[in-house]
Peer 1: 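Handing you this structure, nothing more for now.
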Amino acid sequence: MNIFNAKTILLGITGSIAAYKGVELASRLAQAGALVDVILTPAAEKFVTPLTFQSVTGRKAYTDADLWGGEGHVAHIGLGRGGELLIIAPASANTIARLANGIAENLLCVTALAAHCPLIIAPAMDAGMFSHPATRKNVETLIERGALLIGPVEGHLASGLVGVGRMEDTPIIMGAVRWMLGREGKLAGRKVIVTAGGTQEAIDPVRTITNYSSGKQGFAVAQAAIDQGADVVLITTASLPEPFGCRVVRVASASDMLQAVQAEVKDADGLIMAAAVADFKPVQAASGKIKKDAGFASITLEPTVDILKEVSHQRDGLKRLKFVIGFAAESEDLLENARIKLNQKKLDMIVANDISAADAGFEADTNRVILIHKDGSAESMPLMTKVEVAEIIITRAANLIE
Ligand code: CTP
(Lines give C-alpha, C1' and ligand atoms only; values in the text may rest on other atoms or scores of the structure.)
Protein backbone atom coordinates (compact mmCIF):
# COMPACT_ATOMS: atom_id res chain seq x y z
CA MET A 1 0.00 0.00 0.00
CA ASN A 2 3.01 2.31 0.52
CA ILE A 3 2.80 4.72 -2.40
CA PHE A 4 6.58 5.13 -2.67
CA ASN A 5 7.26 1.40 -2.73
CA ALA A 6 9.35 0.30 -5.75
CA LYS A 7 8.60 3.54 -7.63
CA THR A 8 11.52 4.66 -9.81
CA ILE A 9 12.17 8.31 -9.06
CA LEU A 10 14.73 10.38 -10.94
CA LEU A 11 16.23 13.03 -8.69
CA GLY A 12 18.16 15.79 -10.43
CA ILE A 13 20.67 17.75 -8.35
CA THR A 14 21.97 21.05 -9.73
CA GLY A 15 24.58 23.60 -8.72
CA SER A 16 23.29 25.20 -5.55
CA ILE A 17 24.35 25.05 -1.93
CA ALA A 18 20.90 23.51 -1.34
CA ALA A 19 22.37 20.37 -2.97
CA TYR A 20 23.05 19.18 0.59
CA LYS A 21 19.27 19.23 1.17
CA GLY A 22 18.95 17.09 -1.94
CA VAL A 23 20.89 14.43 -0.03
CA GLU A 24 18.27 14.45 2.71
CA LEU A 25 15.52 14.21 0.11
CA ALA A 26 17.24 11.27 -1.62
CA SER A 27 17.60 9.56 1.74
CA ARG A 28 13.96 10.09 2.71
CA LEU A 29 12.73 8.83 -0.67
CA ALA A 30 14.93 5.73 -0.44
CA GLN A 31 13.82 5.04 3.14
CA ALA A 32 10.21 5.35 2.01
CA GLY A 33 10.84 2.49 -0.45
CA ALA A 34 11.47 4.34 -3.73
CA LEU A 35 14.22 3.38 -6.18
CA VAL A 36 16.05 6.69 -6.43
CA ASP A 37 18.25 7.36 -9.46
CA VAL A 38 20.19 10.54 -8.77
CA ILE A 39 21.66 12.60 -11.62
CA LEU A 40 24.16 15.33 -10.71
CA THR A 41 25.01 18.20 -13.03
CA PRO A 42 28.71 19.18 -13.25
CA ALA A 43 27.94 22.23 -11.06
CA ALA A 44 26.23 20.01 -8.47
CA GLU A 45 29.42 17.92 -8.23
CA LYS A 46 31.20 20.99 -6.89
CA PHE A 47 28.91 20.91 -3.83
CA VAL A 48 28.27 17.18 -3.26
CA THR A 49 29.63 13.93 -4.65
CA PRO A 50 27.96 10.97 -6.36
CA LEU A 51 29.28 8.83 -3.49
CA THR A 52 27.16 10.82 -1.02
CA PHE A 53 24.01 9.92 -2.94
CA GLN A 54 25.04 6.32 -3.61
CA SER A 55 25.52 5.93 0.14
CA VAL A 56 21.96 7.02 0.95
CA THR A 57 20.12 5.47 -2.02
CA GLY A 58 22.08 2.23 -2.37
CA ARG A 59 22.09 2.83 -6.14
CA LYS A 60 24.47 4.28 -8.65
CA ALA A 61 24.37 8.07 -8.86
CA TYR A 62 24.86 9.41 -12.40
CA THR A 63 27.05 12.25 -13.65
CA ASP A 64 28.05 13.58 -17.06
CA ALA A 65 30.73 10.89 -17.16
CA ASP A 66 27.83 8.48 -17.84
CA LEU A 67 26.64 10.62 -20.73
CA TRP A 68 29.92 10.30 -22.59
CA GLY A 69 31.17 6.93 -21.44
CA GLY A 70 30.14 3.94 -19.37
CA GLU A 71 26.92 2.68 -20.94
CA GLY A 72 27.66 4.53 -24.18
CA HIS A 73 25.29 7.28 -25.20
CA VAL A 74 22.02 5.73 -24.12
CA ALA A 75 22.14 6.28 -20.33
CA HIS A 76 19.76 9.23 -20.60
CA ILE A 77 17.22 7.26 -22.66
CA GLY A 78 17.21 4.42 -20.16
CA LEU A 79 16.90 6.79 -17.22
CA GLY A 80 14.29 8.98 -18.92
CA ARG A 81 12.07 6.06 -19.95
CA GLY A 82 12.40 4.23 -16.64
CA GLY A 83 11.53 7.14 -14.38
CA GLU A 84 7.99 7.40 -13.02
CA LEU A 85 8.68 10.91 -11.76
CA LEU A 86 11.47 13.43 -12.32
CA ILE A 87 12.17 15.80 -9.49
CA ILE A 88 14.83 18.46 -9.70
CA ALA A 89 15.69 19.68 -6.21
CA PRO A 90 17.51 21.99 -5.99
CA ALA A 91 16.76 23.45 -9.42
CA SER A 92 19.16 26.31 -10.26
CA ALA A 93 18.22 29.25 -12.49
CA ASN A 94 20.56 27.83 -15.13
CA THR A 95 18.91 24.39 -15.19
CA ILE A 96 15.42 25.94 -15.22
CA ALA A 97 16.48 28.06 -18.23
CA ARG A 98 17.83 24.99 -20.03
CA LEU A 99 14.69 22.93 -19.36
CA ALA A 100 12.42 25.75 -20.51
CA ASN A 101 14.34 26.09 -23.75
CA GLY A 102 15.02 22.44 -24.45
CA ILE A 103 18.77 22.84 -24.14
CA ALA A 104 20.37 19.48 -23.51
CA GLU A 105 23.94 20.13 -22.49
CA ASN A 106 24.31 17.69 -19.61
CA LEU A 107 22.96 14.28 -18.59
CA LEU A 108 20.21 15.74 -16.41
CA CYS A 109 18.84 18.01 -19.15
CA VAL A 110 19.11 15.29 -21.82
CA THR A 111 17.26 12.91 -19.50
CA ALA A 112 14.58 15.54 -18.85
CA LEU A 113 14.06 15.83 -22.62
CA ALA A 114 13.88 12.07 -23.05
CA ALA A 115 11.56 11.51 -20.07
CA HIS A 116 7.79 11.18 -20.43
CA CYS A 117 7.04 11.29 -16.71
CA PRO A 118 5.70 14.19 -14.59
CA LEU A 119 8.20 16.85 -13.49
CA ILE A 120 8.54 18.59 -10.12
CA ILE A 121 10.95 21.50 -9.75
CA ALA A 122 12.06 22.91 -6.41
CA PRO A 123 14.11 26.03 -7.21
CA ALA A 124 16.91 27.31 -4.99
CA MET A 125 18.74 30.51 -5.87
CA ASP A 126 19.29 34.07 -4.86
CA ALA A 127 16.04 36.05 -4.50
CA GLY A 128 17.05 38.47 -7.25
CA MET A 129 17.70 35.61 -9.65
CA PHE A 130 14.33 34.03 -8.94
CA SER A 131 12.42 37.28 -9.39
CA HIS A 132 14.34 38.16 -12.58
CA PRO A 133 11.96 38.33 -15.56
CA ALA A 134 14.01 35.73 -17.43
CA THR A 135 13.64 33.16 -14.62
CA ARG A 136 9.96 34.06 -14.09
CA LYS A 137 9.28 33.45 -17.77
CA ASN A 138 11.19 30.15 -17.78
CA VAL A 139 9.33 28.95 -14.70
CA GLU A 140 5.99 29.91 -16.27
CA THR A 141 6.91 27.99 -19.41
CA LEU A 142 7.61 24.87 -17.37
CA ILE A 143 4.35 25.25 -15.41
CA GLU A 144 2.41 25.67 -18.67
CA ARG A 145 3.92 22.38 -19.83
CA GLY A 146 2.61 20.68 -16.70
CA ALA A 147 5.52 20.90 -14.26
CA LEU A 148 4.71 21.28 -10.58
CA LEU A 149 6.60 24.14 -8.94
CA ILE A 150 7.39 23.72 -5.25
CA GLY A 151 8.75 26.82 -3.54
CA PRO A 152 11.06 28.59 -3.32
CA VAL A 153 10.23 30.02 0.10
CA GLU A 154 11.47 32.99 2.05
CA GLY A 155 14.52 32.46 4.22
CA HIS A 156 18.23 33.00 4.70
CA LEU A 157 20.06 32.79 1.38
CA ALA A 158 23.70 32.00 0.61
CA SER A 159 24.25 35.72 -0.08
CA GLY A 160 23.56 36.41 3.58
CA LEU A 161 20.35 38.20 2.67
CA VAL A 162 16.80 37.12 3.47
CA GLY A 163 14.44 36.67 0.53
CA VAL A 164 12.36 34.28 -1.58
CA GLY A 165 14.86 31.80 -2.97
CA ARG A 166 15.34 29.12 -0.33
CA MET A 167 14.49 25.56 -1.40
CA GLU A 168 11.27 24.25 0.13
CA ASP A 169 11.64 21.93 3.13
CA THR A 170 12.01 18.20 2.58
CA PRO A 171 8.66 17.13 4.17
CA ILE A 172 6.75 19.45 1.81
CA ILE A 173 8.66 18.12 -1.22
CA MET A 174 7.97 14.56 -0.03
CA GLY A 175 4.26 15.49 0.16
CA ALA A 176 4.38 16.86 -3.38
CA VAL A 177 6.08 13.69 -4.68
CA ARG A 178 3.42 11.65 -2.93
CA TRP A 179 0.61 13.74 -4.40
CA MET A 180 2.08 13.39 -7.89
CA LEU A 181 2.56 9.61 -7.58
CA GLY A 182 -1.10 9.20 -6.57
CA ARG A 183 -2.60 11.11 -9.49
CA GLU A 184 -3.58 7.97 -11.43
CA GLY A 185 -5.06 6.21 -8.38
CA LYS A 186 -8.48 4.60 -8.00
CA LEU A 187 -10.03 7.85 -6.75
CA ALA A 188 -8.54 10.04 -9.51
CA GLY A 189 -10.92 12.88 -10.36
CA ARG A 190 -13.14 12.15 -7.35
CA LYS A 191 -13.91 14.75 -4.71
CA VAL A 192 -13.76 13.27 -1.22
CA ILE A 193 -14.64 15.16 1.96
CA VAL A 194 -12.91 14.07 5.15
CA THR A 195 -13.68 15.53 8.58
CA ALA A 196 -11.19 15.27 11.44
CA GLY A 197 -10.73 16.29 15.06
CA GLY A 198 -13.04 17.17 17.93
CA THR A 199 -15.37 20.16 17.68
CA GLN A 200 -15.30 23.01 20.19
CA GLU A 201 -18.53 24.45 21.58
CA ALA A 202 -18.15 27.91 23.09
CA ILE A 203 -19.15 28.59 26.69
CA ASP A 204 -17.78 32.13 26.55
CA PRO A 205 -14.99 33.80 24.52
CA VAL A 206 -12.26 31.88 26.39
CA ARG A 207 -13.79 28.51 27.26
CA THR A 208 -15.11 25.62 25.20
CA ILE A 209 -16.55 22.16 25.60
CA THR A 210 -14.50 19.76 23.52
CA ASN A 211 -13.26 16.16 23.52
CA TYR A 212 -9.98 14.21 23.32
CA SER A 213 -10.04 13.55 19.57
CA SER A 214 -6.57 14.25 18.11
CA GLY A 215 -7.58 14.28 14.44
CA LYS A 216 -4.80 11.75 13.65
CA GLN A 217 -7.11 9.13 12.15
CA GLY A 218 -8.94 11.69 9.99
CA PHE A 219 -5.69 13.24 8.70
CA ALA A 220 -4.41 9.76 7.85
CA VAL A 221 -7.64 9.08 5.93
CA ALA A 222 -7.18 12.36 4.01
CA GLN A 223 -3.59 11.37 3.09
CA ALA A 224 -4.68 7.87 2.01
CA ALA A 225 -7.36 9.40 -0.25
CA ILE A 226 -4.77 11.75 -1.79
CA ASP A 227 -2.51 8.73 -2.38
CA GLN A 228 -5.36 7.29 -4.48
CA GLY A 229 -5.66 10.47 -6.53
CA ALA A 230 -8.70 12.02 -4.81
CA ASP A 231 -9.29 15.77 -4.64
CA VAL A 232 -9.60 15.97 -0.88
CA VAL A 233 -11.35 18.63 1.16
CA LEU A 234 -10.30 18.25 4.78
CA ILE A 235 -12.74 19.92 7.18
CA THR A 236 -11.04 20.02 10.54
CA THR A 237 -10.52 21.52 13.96
CA ALA A 238 -7.10 19.90 14.42
CA SER A 239 -3.74 21.62 13.87
CA LEU A 240 -1.70 18.71 12.52
CA PRO A 241 0.65 19.00 9.51
CA GLU A 242 -1.57 19.33 6.44
CA PRO A 243 -1.22 16.60 3.80
CA PHE A 244 0.13 18.13 0.58
CA GLY A 245 -2.48 18.73 -2.08
CA CYS A 246 -5.67 18.84 -0.04
CA ARG A 247 -7.87 21.85 0.56
CA VAL A 248 -8.22 22.49 4.27
CA VAL A 249 -11.34 24.14 5.70
CA ARG A 250 -10.79 25.18 9.32
CA VAL A 251 -13.80 25.02 11.61
CA ALA A 252 -14.40 25.11 15.36
CA SER A 253 -17.96 24.13 16.32
CA ALA A 254 -20.34 21.37 15.23
CA SER A 255 -22.47 23.99 13.50
CA ASP A 256 -19.42 25.34 11.56
CA MET A 257 -18.65 21.77 10.52
CA LEU A 258 -22.25 21.17 9.43
CA GLN A 259 -22.17 24.32 7.29
CA ALA A 260 -18.83 23.39 5.73
CA VAL A 261 -19.95 19.81 4.97
CA GLN A 262 -23.20 21.04 3.42
CA ALA A 263 -21.36 23.55 1.24
CA GLU A 264 -18.90 20.93 -0.01
CA VAL A 265 -21.10 17.83 -0.28
CA LYS A 266 -23.17 19.08 -3.24
CA ASP A 267 -20.56 18.01 -5.80
CA ALA A 268 -18.70 15.42 -3.70
CA ASP A 269 -18.24 11.74 -4.59
CA GLY A 270 -17.65 10.66 -1.01
CA LEU A 271 -17.87 11.76 2.62
CA ILE A 272 -15.88 10.26 5.47
CA MET A 273 -16.86 11.63 8.88
CA ALA A 274 -13.90 10.85 11.12
CA ALA A 275 -14.51 13.92 13.30
CA ALA A 276 -15.67 13.58 16.88
CA VAL A 277 -18.58 15.99 16.68
CA ALA A 278 -20.01 17.30 19.94
CA ASP A 279 -23.50 16.00 20.62
CA PHE A 280 -24.40 18.95 22.88
CA LYS A 281 -23.56 22.63 23.01
CA PRO A 282 -24.32 25.46 25.42
CA VAL A 283 -27.69 26.98 24.53
CA GLN A 284 -26.14 30.43 24.53
CA ALA A 285 -22.44 31.28 24.70
CA ALA A 286 -21.82 34.24 27.02
CA SER A 287 -20.71 37.28 25.04
CA GLY A 288 -18.09 38.29 27.62
CA LYS A 289 -15.75 36.22 29.78
CA ILE A 290 -17.67 34.75 32.70
CA LYS A 291 -15.99 36.13 35.83
CA LYS A 292 -15.14 33.86 38.74
CA ASP A 293 -16.80 36.14 41.26
CA ALA A 294 -20.09 36.15 39.33
CA GLY A 295 -19.95 32.33 39.41
CA PHE A 296 -22.06 29.91 37.41
CA ALA A 297 -23.57 26.76 38.78
CA SER A 298 -24.57 25.06 35.54
CA ILE A 299 -24.37 25.27 31.77
CA THR A 300 -27.59 24.52 29.93
CA LEU A 301 -26.95 22.35 26.90
CA GLU A 302 -28.92 21.58 23.76
CA PRO A 303 -28.28 18.92 21.10
CA THR A 304 -26.22 19.75 18.03
CA VAL A 305 -27.39 18.72 14.56
CA ASP A 306 -26.23 15.23 13.56
CA ILE A 307 -24.27 15.98 10.39
CA LEU A 308 -24.42 12.43 9.01
CA LYS A 309 -28.18 12.20 9.57
CA GLU A 310 -28.60 15.55 7.86
CA VAL A 311 -26.62 14.35 4.82
CA SER A 312 -28.60 11.09 4.73
CA HIS A 313 -31.86 13.09 4.50
CA GLN A 314 -30.49 14.97 1.50
CA ARG A 315 -28.90 11.98 -0.17
CA ASP A 316 -31.49 11.51 -2.93
CA GLY A 317 -30.59 14.96 -4.25
CA LEU A 318 -26.84 14.36 -4.01
CA LYS A 319 -26.41 12.56 -7.30
CA ARG A 320 -22.61 12.32 -7.27
CA LEU A 321 -22.35 11.04 -3.72
CA LYS A 322 -21.29 7.39 -3.98
CA PHE A 323 -20.22 6.68 -0.40
CA VAL A 324 -20.81 7.96 3.10
CA ILE A 325 -18.63 6.46 5.81
CA GLY A 326 -18.96 7.14 9.52
CA PHE A 327 -17.07 6.21 12.65
CA ALA A 328 -18.46 4.79 15.86
CA ALA A 329 -16.47 5.51 18.97
CA GLU A 330 -17.77 3.16 21.64
CA SER A 331 -16.75 2.13 25.10
CA GLU A 332 -19.27 -0.74 25.39
CA ASP A 333 -21.43 -2.99 23.14
CA LEU A 334 -19.23 -1.96 20.19
CA LEU A 335 -20.81 -4.04 17.43
CA GLU A 336 -24.41 -3.55 18.45
CA ASN A 337 -24.11 0.22 18.88
CA ALA A 338 -22.14 0.62 15.64
CA ARG A 339 -24.78 -1.33 13.69
CA ILE A 340 -27.51 0.93 15.08
CA LYS A 341 -25.54 4.00 13.93
CA LEU A 342 -24.92 2.48 10.49
CA ASN A 343 -28.66 2.03 9.97
CA GLN A 344 -29.86 5.25 11.59
CA LYS A 345 -27.37 7.37 9.65
CA LYS A 346 -27.89 5.36 6.42
CA LEU A 347 -24.18 4.75 5.95
CA ASP A 348 -22.39 2.57 3.41
CA MET A 349 -19.82 1.60 6.01
CA ILE A 350 -19.04 2.37 9.64
CA VAL A 351 -15.63 2.11 11.26
CA ALA A 352 -16.22 0.94 14.81
CA ASN A 353 -13.54 1.31 17.42
CA ASP A 354 -13.32 0.63 21.13
CA ILE A 355 -12.03 3.87 22.60
CA SER A 356 -11.54 2.32 26.04
CA ALA A 357 -8.53 0.28 24.78
CA ALA A 358 -5.22 2.03 25.55
CA ASP A 359 -3.74 1.14 22.15
CA ALA A 360 -6.78 2.27 20.15
CA GLY A 361 -7.96 5.51 21.71
CA PHE A 362 -7.97 9.11 20.55
CA GLU A 363 -4.31 9.98 21.21
CA ALA A 364 -2.77 6.62 20.22
CA ASP A 365 -1.02 6.12 16.86
CA THR A 366 -2.62 2.70 16.59
CA ASN A 367 -6.21 1.62 16.21
CA ARG A 368 -8.17 -1.62 16.31
CA VAL A 369 -11.31 -1.35 14.23
CA ILE A 370 -14.20 -3.38 12.88
CA LEU A 371 -15.52 -2.35 9.48
CA ILE A 372 -19.26 -2.92 9.23
CA HIS A 373 -20.82 -2.76 5.79
CA LYS A 374 -24.32 -1.82 4.63
CA ASP A 375 -25.16 -5.48 3.95
CA GLY A 376 -24.43 -6.29 7.60
CA SER A 377 -21.10 -8.04 7.03
CA ALA A 378 -18.26 -7.14 9.39
CA GLU A 379 -14.47 -7.27 9.05
CA SER A 380 -12.45 -7.37 12.28
CA MET A 381 -9.03 -5.85 11.83
CA PRO A 382 -6.03 -6.60 14.04
CA LEU A 383 -4.17 -3.81 15.84
CA MET A 384 -2.84 -1.50 13.11
CA THR A 385 -1.33 1.94 12.79
CA LYS A 386 -3.84 4.68 12.05
CA VAL A 387 -2.12 5.03 8.67
CA GLU A 388 -2.85 1.36 7.85
CA VAL A 389 -6.45 1.71 9.05
CA ALA A 390 -6.81 4.77 6.77
CA GLU A 391 -5.51 2.83 3.77
CA ILE A 392 -8.03 0.03 4.34
CA ILE A 393 -10.89 2.51 4.69
CA ILE A 394 -9.89 4.16 1.41
CA THR A 395 -9.55 0.81 -0.37
CA ARG A 396 -13.11 -0.08 0.71
CA ALA A 397 -14.33 3.42 -0.26
CA ALA A 398 -12.81 3.03 -3.75
CA ASN A 399 -14.67 -0.29 -4.11
CA LEU A 400 -17.94 1.51 -3.35
CA ILE A 401 -17.34 3.83 -6.33
CA GLU A 402 -16.59 1.16 -8.92
N1 CTP B 1 -21.59 12.60 13.94
C2 CTP B 1 -22.15 13.61 13.19
N3 CTP B 1 -22.78 14.63 13.80
C4 CTP B 1 -22.90 14.68 15.13
C5 CTP B 1 -22.35 13.63 15.92
C6 CTP B 1 -21.72 12.59 15.28
O7 CTP B 1 -22.05 13.56 11.95
N8 CTP B 1 -23.54 15.70 15.69
C9 CTP B 1 -20.88 11.50 13.23
C10 CTP B 1 -19.45 11.28 13.66
O11 CTP B 1 -18.55 12.04 12.87
C12 CTP B 1 -19.26 9.79 13.43
C13 CTP B 1 -20.64 9.22 13.65
O14 CTP B 1 -21.54 10.31 13.55
O15 CTP B 1 -18.87 9.50 12.10
C16 CTP B 1 -20.85 8.56 15.00
O17 CTP B 1 -20.40 9.43 16.01
P18 CTP B 1 -20.43 8.95 17.53
O19 CTP B 1 -19.97 10.09 18.40
O20 CTP B 1 -19.76 7.62 17.66
O21 CTP B 1 -21.97 8.67 17.75
P22 CTP B 1 -23.19 9.56 18.06
O23 CTP B 1 -24.14 9.47 16.92
O24 CTP B 1 -22.75 10.93 18.46
O25 CTP B 1 -23.84 8.79 19.29
P26 CTP B 1 -23.29 8.56 20.79
O27 CTP B 1 -22.43 9.77 21.11
O28 CTP B 1 -24.52 8.47 21.60
O29 CTP B 1 -22.49 7.29 20.78
Side-chain angles (χ1 to χ4, degrees), residues 192-202 208-222 224-225 232-238 249 251-265 268 270-283 301-315 318 321 323-357 360-363 367-374 378 386 389-390 392-394 396-397 400:
V192 176
I193 305 171
V194 181
T195 66
T199 62
Q200 297 143 17
E201 310 304 324
T208 64
I209 297 176
T210 187
N211 56 65
Y212 290 122
S213 170
S214 64
K216 285 179 188 171
Q217 185 63 78
F219 272 62
V221 169
V232 174
V233 180
L234 177 58
I235 301 173
T236 186
T237 57
V249 179
V251 292
S253 66
S255 100
D256 296 345
M257 191 170 274
L258 171 70
Q259 261 188 355
V261 168
Q262 283 190 320
E264 296 293 345
V265 80
L271 167 65
I272 304 176
M273 283 287 301
V277 186
D279 292 325
F280 299 97
K281 65 177 173 74
V283 171
L301 301 175
E302 65 181 3
T304 58
V305 175
D306 190 308
I307 302 172
L308 278 176
K309 272 194 189 156
E310 212 44 39
V311 169
S312 80
H313 291 149
Q314 297 161 13
R315 192 138 179 202
L318 300 168
L321 197 62
F323 64 81
V324 179
I325 296 175
F327 277 67
E330 306 292 345
S331 52
E332 53 208 26
D333 301 327
L334 180 64
L335 265 180
E336 196 188 321
N337 283 332
R339 282 211 159 94
I340 292 170
K341 285 176 190 170
L342 176 88
N343 294 329
Q344 283 182 344
K345 302 188 191 216
K346 297 197 176 69
L347 305 175
D348 298 291
M349 184 173 93
I350 195 156
V351 184
N353 69 325
D354 179 354
I355 48 152
S356 61
F362 283 136
E363 274 300 330
N367 212 347
R368 189 182 289 108
V369 300
I370 304 176
L371 305 180
I372 308 172
H373 302 274
K374 201 162 61 176
K386 286 186 173 171
V389 169
I392 290 200
I393 293 169
I394 290 301
R396 300 294 179 273
L400 287 165

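Start at 1 and go down the list; that is how both ligands and their atoms are numbered.
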Peer 1: Within ligand 1, which atoms have a heavy atom of A328 less than 4.0 Å away?
Peer 2: 20 (O)
Peer 1: Has T237 got a side-chain atom pairing as donor or acceptor with G198's backbone, closer than 3.5 angstrom?
Peer 2: yes
Peer 1: Could you list which atoms of ligand 1 come closer than 4.0 Å to a heavy atom of G326?
Peer 2: 15 (O)
Peer 1: Among all protein heavy atoms in this structure, tell me which lies nearest to atom 29 (O) of ligand 1, with the distance rounded to 0.1 Å.
Peer 2: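 Nearest protein contact, heavy atoms only, for atom 29 (O) of ligand 1 is K341 NZ, 2.8 Å.
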Peer 1: Is there a donor-acceptor pair closer than 3.5 Å between any side-chain N or O of D348 and the backbone N or O of L400?
Peer 2: no
Peer 1: When you measure from atom 3 (N) of ligand 1 to each heavy atom in I307, V351, I325, which option holds the nearest one?
Peer 2: I307
Peer 1: Any protein heavy-atom neighbour for atom 19 (O) of ligand 1 (distance below 4.0 angstrom)?
Peer 2: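 Not a single protein heavy atom is under 4.0 Å away.
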Peer 1: Taking all heavy atoms of S213 and all of A276, pick out the closest pair and write down the distance.
Peer 2: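 Where S213 meets A276 most closely, the heavy atoms are CB-CB, 3.6 Å.
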Peer 1: Between T236 and A196 (side chain of the first, backbone of the second, donor and acceptor by atom type, cut-off under 3.5 Å), is there such a pair?
Peer 2: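 Between the backbone of A196 and the side chain of T236 there is a qualifying donor-acceptor contact (under 3.5 Å).
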Peer 1: Look only at interatomic distance and state if E330 has a nitrogen or oxygen under 3.5 Å from any nitrogen or oxygen of ligand 1.
Peer 2: no
Peer 1: Under 4.0 Å, counting heavy atoms only: does A254 come that close to any atom of ligand 1?
Peer 2: no
Peer 1: Please report which non-hydrogen protein atom sits nearest to atom 11 (O) of ligand 1, along with the residue it belongs to and the distance in Å to one decimal place.
Peer 2: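 Residue, atom and distance for the closest contact: A275 O, 2.7 Å.
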Peer 1: From atom 9 (C) of ligand 1, work out which of L308, I340, V324 has a heavy atom at the shortest distance.
Peer 2: L308
Peer 1: Between E201 (side chain only) and A254 (backbone N and O only), is there a donor and an acceptor less than 3.5 Å apart?
Peer 2: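 Yes, E201 side chain to A254 backbone: donor-acceptor pair under 3.5 Å.
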Peer 1: Is there a donor-acceptor contact under 3.5 Å from the side chain of N337 to the main chain of E332?
Peer 2: yes
Peer 1: Are any of the heavy atoms in A274 under 4.0 Å away from ligand 1?
Peer 2: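 Outside the 4.0 Å threshold, so no.
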Peer 1: Do any N or O atoms from the side chain of T199 and from the backbone of A252 form a donor-acceptor pair under 3.5 angstrom?
Peer 2: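 Not confirmed, T199 side chain does not pair with A252 backbone.
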Peer 1: Just distances here: any N/O of V277 and N/O of ligand 1 closer than 3.5 Å?
Peer 2: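 No; every N/O pair is 3.5 Å or more apart.
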Peer 1: Would you tell me which option among D279, T304, L342 has the nearest heavy-atom contact to atom 28 (O) of ligand 1?
Peer 2: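 Checking each option, the heavy atom nearest atom 28 (O) of ligand 1 is found in D279.
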Peer 1: For T195 and A274, indicate whether the former's side chain and the latter's backbone hold a donor-acceptor pair under 3.5 Å.
Peer 2: yes
Peer 1: Identify which one of R315, K345, K374, K346 satisfies the side chain to side chain contact (heavy atoms under 4.5 Å, CB included) criterion when paired with V324.
Peer 2: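 That would be R315.
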Peer 1: Who's the nearest protein heavy-atom neighbour of atom 17 (O) of ligand 1, and how far?
Peer 2: F327 O, 3.6 Å
Peer 1: Calculate, to the nearest 0.5 Å, the distance between atoms NE2 and CG belonging to H313 and L318 respectively.
Peer 2: 12.5 Å
Peer 1: Counting distance only, does the side-chain N/O of S214 pair as donor-acceptor with the main-chain N or O of K216 below 3.5 Å?
Peer 2: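 Judged by distance alone, yes, a pair lies under 3.5 Å.
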Peer 1: Which residue and atom name correspond to the protein heavy atom nearest atom 23 (O) of ligand 1, and how close is it?
Peer 2: K345 NZ, 2.6 Å
Peer 1: Pull out every atom of ligand 1 sitting under 4.0 Å from any heavy atom of A278, numbered as shown with elements.
Peer 2: 8 (N)
Peer 1: With atom 8 (N) of ligand 1 as the reference point, say which of I350, V305, V261 has the nearest heavy atom.
Peer 2: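 Of the listed residues, V305 has the closest heavy atom.
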Peer 1: What are the atoms of ligand 1, with element, lying closer than 4.0 Å to any heavy atom of A329?
Peer 2: 20 (O)
